[in-house]
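A short write-up of the structure that comes next.
In this text the structure is predicted, and so the values were computed from the model without any measurement. Quick note on labels: first sequence line is chain A, next is B, and so on, each numbered from 1.
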Protein chains: 2
Amino acid sequence: MVQFFDARLDASFAALSDVTRRGVMERLGRADASITDLAEAFHMTLTGMRKHVGVLEQAELVTTRKVGRVRTCTLGPRRLEDETAWIERQRRLWDARFDALEQVVAERRRKEQHDGHPKRG
Amino acid sequence: MVQFFDARLDASFAALSDVTRRGVMERLGRADASITDLAEAFHMTLTGMRKHVGVLEQAELVTTRKVGRVRTCTLGPRRLEDETAWIERQRRLWDARFDALEQVVAERRRKEQHDGHPKRG
DNA sequence: GTAATACTAAACCACATGGTTCAGTTTTTC
DNA sequence: GAAAAACTGAACCATGTGGTTTAGTATTAC
């Protein structure tokens, strides 16, 4: 189960680590687009863009369907929930640690006041 | 300026796209650690772990300082703010589009009710 | 039916990544 | 001062990435 989420996060963070792919996501956020549309918008060959879209599909950030000769790309169905969750979890861990450190510092300060301010260390 | 943020996001999402590096960040969220500590924890050579830490440093997610012969790793000054911001922006774009779509659907439904439910299409 | 459009598939390229080993250097310990 | 510990740097390896070209197929337009 853990490995499952790990692989998912691997894929989606990797997908997001390319400026072109982030650009594609932003564009699809405004409107669906064909591979040709995207290739032109990002000054790239069809084949090149198809690969980027493939990466986004595998990360389940984009879905596509082919009607006739044109393949249309859409956002979703996932909405970066897992990625946000990971980041939030990390942030909480971090906050907890800082809170703990702060308490230590406060304790030390209290003690120093009591003992009469040792110079340092 | 845009390129600056782009490069930063490239680096940090790429850094997060590896399960070992995410693991390192979680561990550092609990306590600082030396390269040796981390290498042992993740069953890897010192050299291998040093590279991962280097990637996290370049993404400014982790900072390190060397005292004597040991290099200690700490979570970096950045707290994934830019990454969260990008994701949030994306989510807003998306929501806006869905809202617009929903309105179209609602409008169509209203019209269908008025015209007396055409079978389909 | 011919031509243009939209994509697909395969091969290729240079370079990055995730590891390793091996041979140092610097610090610490005894 | 010798040995051990902690790291560093370089070289190597297999595989992945971000592109390209080239040649093909399927669909649409005229």
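- Across the protein-nucleic acid pair, B:Asp37 atom CG and D:dC7 atom C1' stand 13 Å apart, rounded to whole Å.
- Contacts of B:Ser34 with the nucleic acid, taken as non-hydrogen atoms under 4.0 Å apart, involve only primed sugar atoms and P, OP1 or OP2.
- At least one side-chain nitrogen or oxygen of B:His52 sits closer than 4.0 Å to the OP1 or OP2 atom of C:dG19.
- Residue B:Arg50 places none of its side-chain N or O atoms closer than 4.0 Å to OP1 or OP2 of D:dA6.
- The CE atom of A:Met49 sits 15 Å away from the C1' atom of C:dA6 (whole-angstrom rounding).
- Comparing C:dA9, C:dG18, D:dC7 by their nearest atom to the side chain of B:Arg21 picks out C:dG18.
- Mapping B:Gly48 and A:Leu46 onto DNA chain C via the closest heavy atom, the residue that lands nearer the 5' end is A:Leu46.
- Across the protein-nucleic acid pair, A:Lys51 atom NZ and C:dC7 atom P stand 17 Å apart, rounded to whole Å.
- What separates CG of A:Leu38 from P of C:dC7 is a distance of 9 Å, to the nearest Å.
- If A:His43 and A:Arg69 are placed on DNA chain D by their nearest nucleotide, the residue sitting closer to the 5' end is A:His43.
- For A:Arg22 (side chain) and B:Asp6 (main-chain N/O), a donor-acceptor pair under 3.5 Å exists by modelled atom type.
- Around atom CD of A:Glu88, more than 12 heavy atoms belonging to other residues, nucleotides or ligands sit under 6.0 Å away.
- Phosphate contact (OP1/OP2 of D:dT20, side-chain N/O of A:Thr45, threshold under 4.0 Å): present.
- The distance between atom CG of A:Asp10 and atom P of D:dT17, rounded to the nearest whole Å, is 11 Å.
- Atom P of nucleotide D:dG18 and atom CE of A:Met44 are separated by 10 Å, given to the nearest angstrom.
- Following rounding to the nearest Å, B:Asp18 (CG) and D:dT17 (P) show an atom-to-atom distance of 12 Å.
- For B:Thr47, counting side-chain heavy atoms from C-beta on, the closest listed nucleotide (C:dT8, D:dC7, C:dT21) is C:dT21.
- Note on A:Arg8 versus A:Glu81: no salt bridge recorded, every NZ/NE/NH1/NH2 to OD/OE distance being 4.0 Å or above.
- Residue B:Lys66 contributes atom NZ, which lies 12 Å from atom C1' of D:dG9 at whole-angstrom precision.
- Within the structure, a side-chain polar atom (N or O) of A:Thr20 is placed less than 4.0 Å from OP1 or OP2 of D:dG19.
- Between the A:Arg79 side chain and the B:Arg91 main chain, no donor and acceptor come within less than 3.5 Å of each other.
- In this structure a side-chain-to-backbone donor-acceptor pair under 3.5 Å is missing from B:Arg30 to A:Leu93.
- Within the 4.0 Å cut-off from OP1 or OP2 of D:dT8, at least one side-chain nitrogen or oxygen of B:Arg71 is found.
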